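I have placed the structure first, in the form of structure tokens, so that the comments after it can refer back to it.
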Protein chains: 2
Amino acid sequence: MRHDFKINTMTTTKTDLFSPELQHKARLFKALAHPARLAILQYLAEIKCCITGNIAEEIPLGRTTVNQHLKELKEADLIRGTVEGAKTNYCLNAQAIEDLRRESDAFLSGIDVGKNFC
Amino acid sequence: MRHDFKINTMTTTKTDLFSPELQHKARLFKALAHPARLAILQYLAEIKCCITGNIAEEIPLGRTTVNQHLKELKEADLIRGTVEGAKTNYCLNAQAIEDLRRESDAFLSGIDVGKNFC
DNA sequence: AAATCATGACGCAAAATTACGTCATTTTTG
DNA sequence: CAAAAATGACGTAATTTTGCGTCATGATTT
């Protein structure tokens, strides 16, 4: 197929070519794919109960950046944010995290049963 | 740092501000953060033993793209590739996957002990 | 030896992620 | 009510990811 120019472009997001299950898992893993987000989850777990949004001070990043990460965690439904006056309470979605744990575990233990060698 | 204006721009990768543990976990989760890579892992598990690199035909993406994903999985040490003549055999690194499973499990079950409510 | 095959390096373009600054809005508080 | 606080929306720059085409290299076939 000999072209003198590049005609074609059209890049990115072929993710819908995969099963919804894989897409879903990939999305969740992606939510965990940044240390800041892991740190946020840990902090929320540590604090035990819902706290107002002073999370930014615990994370070595700017407030708006932390907010961005919070948004991503919220979109992955791993945390919940409820407005309380001027402040916002964030807390873990324990159910979702437990589901993720289970799903992740199932995937990963389903993976290495073969005991493959090279 | 004696600048009156923003000369500087310097965005991105503050990841070293976090603990090596969180960085490590985030890196691993990132390796799992694309459906194609999950599909590759599943396929390798299914095939039981090491196979030559016809993985590309199983994945609905171009060969070089699949190669890229293989490279990422290899860099995360989740798979191994050994050259055999003109071909390359890929197989799971069962130990690494088991470690990841354990680590992921520990992280996620450590997270929701609080039974937080909002 | 020549054609074919398999693979990875390289480069490129589009898109997404990361990190912030600024601003508008909505509370609180003095 | 006015100032201060808290938050999210929006914009922006740099960087990374995604997806692919092309090419060089090193086997395999024939």
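From a predicted model like this one, the values you see are computed outputs, not experimental measurements.
- Between the CD atom of A/E75 and the C1' atom of D/dA9 there is a distance of 13 Å, given to the nearest Å.
- Note on ring orientation: taking the six-membered ring where Trp is involved, the planes of A/F18 and B/H34 are perpendicular (angle over 60°, cut-offs 30° and 60°).
- Between A/H34 atom NE2 and C/dA19 atom P there is a gap of 4 Å when expressed in whole angstrom units.
- The separation between A/I59 atom CD1 and D/dT7 atom P is 14 Å, rounded to whole Å.
- OP1 or OP2 of D/dC20 sits under 4.0 Å from a side-chain N or O of A/K14.
- No hydrogens or angles considered: nothing links the side chains of A/E58 and A/N54 as a donor-acceptor pair under 3.5 Å.
- In this structure, the CD1 atom of A/I40 is 11 Å from the P atom of C/dA19, given to the nearest Å.
- Each of A/G85 and A/R37 lies near DNA chain C, and the nucleotide nearest A/R37 is the one positioned closer to the 5' end.
- Distance A/L70 CG to D/dA6 P: 15 Å, rounded to the nearest Å.
- Taking the side chain as every heavy atom from C-beta outward, A/N93 and A/I79 never approach each other to under 4.5 Å.
- Between A/R102 and A/E98 a salt bridge is recorded (basic side-chain N to carboxylate O distance below 4.0 Å).
- Under the 3.5 Å distance criterion, the side-chain polar atoms of B/R37 are left unmatched by any main-chain donor or acceptor of A/A26.
- Computed from coordinates, the A/E57 CD to D/dT7 P distance equals 9 Å when rounded to whole Å.
- With D/dA27, D/dC20, D/dA9 as the choices, the nucleotide that has an atom nearest any side-chain atom of B/A86 turns out to be D/dA27.
- The phosphate of D/dG19 has OP1 or OP2 within less than 4.0 Å of a side-chain N or O from B/H69.
- Between the CZ atom of B/F29 and the P atom of D/dT17 there is a distance of 17 Å, rounded to whole Å.
- Listed pair A/N67 / D/dG8 meets the phosphate criterion, a side-chain N or O lying under 4.0 Å from OP1 or OP2.
- Considering only side-chain atoms of A/Q68, the nucleotide from C/dC20, D/dC20, D/dC23 that sits closest is C/dC20.
- As judged by a 4.0 angstrom heavy-atom cut-off over every strand, B/T88 is placed among residues touching the sugar-phosphate backbone only.
- Distance from the side chain of B/L61 is smallest for D/dG19 among the nucleotides C/dG8, C/dC20, D/dG19.
- OP1 and OP2 of D/dC20 both lie 4.0 Å or more from every side-chain N or O belonging to B/T64.
- Without hydrogens or angle criteria, B/E103 side chain to B/K25 main chain gives no donor-acceptor distance under 3.5 Å.
- Between A/N89 atom CG and C/dT27 atom C1' the separation is 14 Å, expressed in whole Å.
- Of the candidates C/dG8, C/dT18, D/dA9, the closest approach to any side-chain atom of B/Y90 belongs to C/dG8.
- Proximity note for B/K30 (side chain, C-beta onward) versus C/dG8, D/dT17, D/dC20: the nearest is D/dT17.
- Each of C/dA19, C/dA6, C/dA9 was ranked by its minimum atom distance to the side chain of B/K87; first place goes to C/dA6.
- In this structure, B/T65 reaches the D/dC20 phosphate: one of its side-chain N or O atoms is under 4.0 Å from OP1 or OP2.
- Which of C/dG8, D/dT7, C/dT18 sits closest to the side chain of B/R63 comes down to C/dG8.
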